[in-house]
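See structure below.
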Amino acid sequence: MPSIPAKPPRLTGEALYAGYESRRVLDGVDLAVAEGQLTVLLGPNGSGKSTLLKTLARTLTPSAGRVCLDGKDIHRRKTREVAQRLGILPQGPSVPEGLTVRQLIGMGRLPYQRLWQQDAEQDARAVREAMAYTDVTEFAERSVDALSGGQRQRCWIAMVLAQETDLILLDEPTTFLDLKVQVDLLELLSRLAHEHGRTLLLVLHDLNLAAAYADRLVMMREGHIVTSGAPEEVFTATNLKHVFDLDAHVLEDPETGSPICVPHKKRGAHRRSQPTAHQRRVS
Ligand SMILES: Nc1ncnc2c1ncn2[C@@H]1O[C@H](COP(=O)(O)OP(=O)(O)OP(=O)(O)O)[C@@H](O)[C@H]1O
Ligand SMILES: [Mg+2]
């Protein structure tokens with residue numbers, strides 16, 4: 001049984017069926033994203049994680065079922081209203097050519113701009129803060145397409161933060177980032193949830209980082225949600241085998257108590273062992 005979220009859900013998917021032309025991907029998904037929590041969606045390649053995120057963010061229309069944002073059908077809300085409540089970073093976004101970092105991040109402010117009225121000071125502040133958070137200020141005037149993959153990824157995250165929405169959906173935000181920057185980013189996202197009450201739904205591939213930072217894990221396989229709950233409940237060797245077909249030991253981080261998985265090595269894949277004392281003597 002999925003665990004019941006502590007706070008009322010900000011975003012729900014009810015009996016969602018969605019896909020592309022003749023291909024059905026989501027096969028009756030129910031999901032409730034609880035307020036002020038960091039929820040991480042896990043699943044193998046092609047299991048439907050991005051399709052689910054796009055459906056929840058209204059980028060993709062479900063063929064059946066309903067997405068509710070703050071209790072109201074998301075398709076009945078105005079686009080600007082959705083954009084002021086929900087920000088999404090899709091997987092592998094492409095940058096318009098020649099855009100500077102500041103201009104890209106400034107695009108996060110579009111939902112607040114109207115032709116006849118614009119709070120330039122507030123927009124500039126939001127962009128400044130988002131750049132500082134993600135440590136991209138030094139690149140502000142550089143062209144985004146001239147940055148490294150990791151620097152560019154941080155700019156995209158800054159763009160979503162500049163949108164200043166309560167709900168943030170990020171599809172593989174840690175791609176291209178080195179481990180230290182991944183950890184820094186997850187610390188930042190965790191603070192946004194736990195200190196600022198933001199609601200986050202992320203797709204991650206790093207199982208151990210997911211188990212360490214998520215309040216709730218949702219595991220998907222072949223368009224279904226297999227299980228969801230606190231990492232301590234659902235991050236088990238049995239679930240990892242079922243969802244990912246991964247053979248792994250699950251241990252406990254001695255400091256935090258978070259579960260950690262250590263994949264089994266296949267036979268023959270072991271490093272060449274050191275010669276035994278006997279072998280050294282006879283050689
Ligand atoms: N635009 C599209 N048109 C047709 N099929 C698509 C499209 N996008 C994804 N698919 C298919 O839908 C299925 C689910 O894809 P999805 O991108 O949701 O998986 P995912 O879990 O996000 O995988 P990954 O971990 O590789 O990002 C896959 O079989 C994929 O080939
Ligand atoms: Mg994906």
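Remember, it's 1-based here, ligands and their atoms both numbered in the order they're listed. Values in this document were obtained by computation on a predicted structure and should not be read as measured data.
Regarding atom 11 (C) of ligand 1, its nearest protein heavy-atom neighbour is Arg23 CD, 3.6 Å. Residue, atom and distance of the protein heavy atom nearest to atom 24 (P) of ligand 1 are Asn45 ND2, 3.6 Å. From the protein, the heavy atom lying nearest to atom 10 (N) of ligand 1 is Tyr20 CE1, 3.4 Å. Among all non-hydrogen protein atoms, the one lying nearest atom 25 (O) of ligand 1 is Lys49 NZ, 2.7 Å.
The CG atom of Leu52 sits 5.0 Å away from the CE atom of Met220 when rounded to the nearest 0.5 Å. Between Arg154 atom CZ and Asp184 atom CG the span is 9.0 Å, to the nearest 0.5 Å.
For the Mg ion (ligand 2), the nearby protein N/O/S atoms, meaning those under 2.8 Å, are Ser50 OG, Gln91 OE1.
When hydrophobic clusters are built by joining Ile, Leu, Val, Met, Phe, Trp and Tyr residues whose side-chain heavy atoms come closer than 4.5 Å, directly or via intermediates, Ile168 is grouped together with Val181. The hydrophobic clustering, which links ILVMFWY residues whose side-chain heavy atoms are closer than 4.5 Å, places Phe176 and Leu189 apart. Hydrophobic clustering of Ile, Leu, Val, Met, Phe, Trp and Tyr side chains at less than 4.5 Å, counting indirect connections, keeps Val262 apart from Leu240. Note on Tyr17: it does not cluster hydrophobically with Val226, by side-chain heavy-atom contacts below 4.5 Å among ILVMFWY residues.
In the vicinity of Pro44, heavy-atom distances shorter than 4.0 Å reach the ligand 1 atoms 21 (O). Each of the atoms 14 (C), 15 (O), 16 (P), 18 (O) of ligand 1 lies under 4.0 Å from some heavy atom of Thr51. With ligand atoms numbered from 1 in the order given, ligand 1 contributes 25 (O), 27 (O) to contacts under 4.0 Å with heavy atoms of Glu172.
Residue contacts with ligand 1 for Val25 involve side-chain atoms from C-beta outward but no N, CA, C or O (heavy atoms, distance under 4.0 Å). When non-hydrogen atoms are compared, ligand 1 lies under 4.0 Å from the side chain of Gln91 (C-beta onward) but not from its backbone. With a heavy-atom cut-off of 4.0 Å, Glu21 does not touch ligand 1 at all.
Between His205 and ligand 1 there is a heavy-atom distance shorter than 4.0 Å.
With hydrogens and angles left out, the side-chain atoms of His196 and Asp166 include no donor and acceptor closer than 3.5 Å. For the residue pair Asp171/Ser50, the side-chain donor-acceptor check at 3.5 Å is satisfied. Side chains of Thr236 and Thr238: a donor-acceptor N/O pair is absent below 3.5 angstrom, by distance only. Under the 3.5 Å distance criterion, with hydrogens and angles disregarded, a donor-acceptor pair is assigned to the side chains of Gln103 and Thr100. Defined by atom type and a distance below 3.5 Å, a donor-acceptor pair is present between the side-chain atoms of Thr79 and Arg58. In the model, Thr51 has a side-chain atom that pairs as donor or acceptor with a side-chain atom of Tyr20 under 3.5 Å.
Closest heavy-atom approach to atom 23 (O) of ligand 1 within the set Gly92, Gly19, Gly46, Ser50: this belongs to Gly46.
Atom 30 (C) of ligand 1 lies below 4.0 Å from none of the non-hydrogen atoms of the protein.
Ala57 and Leu86 make their closest contact through CB-CD2, 3.8 Å (heavy atoms, listed as atom of the first residue, atom of the second, distance).
The distance criterion of under 3.5 Å between nitrogen or oxygen atoms is met by Gly48 with respect to ligand 1.
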